[in-house]
Amino acid sequence: MTESCLFCKIISGEIPSERVYEDDAVYAFLDIYPASEGHTLVAPRKHFSKFTDMGAEDVAVLFEAARKVTAAVEKAFSAEGSNVGINNGEVAGQEVPHVHVHVIPRKKGDGGRGIKSIVWTEPDRTNLKEVAEKNKKKTCE
Ligand code: 5GP
Ligand code: ZN
């Protein structure tokens, strides 16, 4: 628990929320400003500011819970699919610095788009080999 963290306070019950799922490691609740009906946030009970601060086991547990919640939310709201994702860091739109997975149910004709509609910087596509090398070096470090 981090004293000043909004989601730590929600998870501990100090601030009320609309809970939809919980287990030993994870707490899931409705987003107060939903992007679509049923928009749910799935958060680890442990405080991590960023996704990249988490370890393998915590990530596995979080994403298994996110998968369960996604399947349930799709059924509950007769959604045909959903967007599932994390804003990792302020520059990427993260407003609350406690890791959470957004589960946003989607329906045909809802006017929404896919994950690439978040940002489109028109990067060079002619140097994919070099880009992959750069990535690989860091990923395999
Ligand atoms: P982020 O931008 O950090 O990825 O997402 C934070 C989300 O938390 C936003 O979608 C926002 O609507 C939601 N949110 C902000 N404050 C509260 C709150 O007090 N309660 C709940 N349930 N959701 C909140
Ligand atoms: Zn927190």
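Remember, it's 1-based here, ligands and their atoms both numbered in the order they're listed. Heavy-atom basis, side chains included; hydrogens, waters and symmetry copies ignored.
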- Grab the two heavy atoms, one from Phe29 and one from Ala43, that are nearest each other, plus how far apart they are. CE2-CB, 4.4 Å
- Looking at Arg106, Arg113, Lys108, which one forms a salt bridge (charged side-chain N to carboxylate O under 4.0 Å, His left out) with Asp110? Arg106
- Item | Modelled atom types, side-chain donor and acceptor of Ser17 and Tyr27, under 3.5 Å | yes
- Task: Could you verify whether a donor N or O on one side chain and an acceptor N or O on the other, from Asp23 and Tyr21, lie under 3.5 Å apart?
- Result: yes
- Spacing of Lys46 atom NZ and His98 atom NE2 [to the nearest 0.5 Å]: 11.0 Å
- Query: Say you draw a straight line from CD1 of Ile32 to CD1 of Ile10; how long is it, rounded to the nearest 0.5 Å?
  - Reply: 7.0 Å
- Distance filter < 2.8 Å from the Zn ion (ligand 2), protein N/O/S hits 4
- With a 4.0 angstrom cut-off on heavy atoms, strictly below it, pick out the residues next to ligand 1 and order them by chain and number. Leu6, Phe7, Ile10, Phe29, Leu30, Asp31, Ile32, Tyr33, Leu41, Asn87, Gly93, Gln94, Glu95, Val96, His100, His102
- For atom CD of Glu57, is the number of surrounding heavy atoms from other residues, nucleotides or ligands below 6.0 Å larger than 12? no
Atom pairs and distances, side-chain donor-acceptor, residues 116-123, under 3.5 Å, sequence neighbours left out:
{"from": "Ser117", "atom 1": "OG", "to": "Gly114", "atom 2": "O", "distance (Å)": "2.5"}

- Those residues that, when tested against Lys9, pass salt bridge (Lys or Arg N to Asp or Glu O under 4.0 Å) (two or more places apart): none
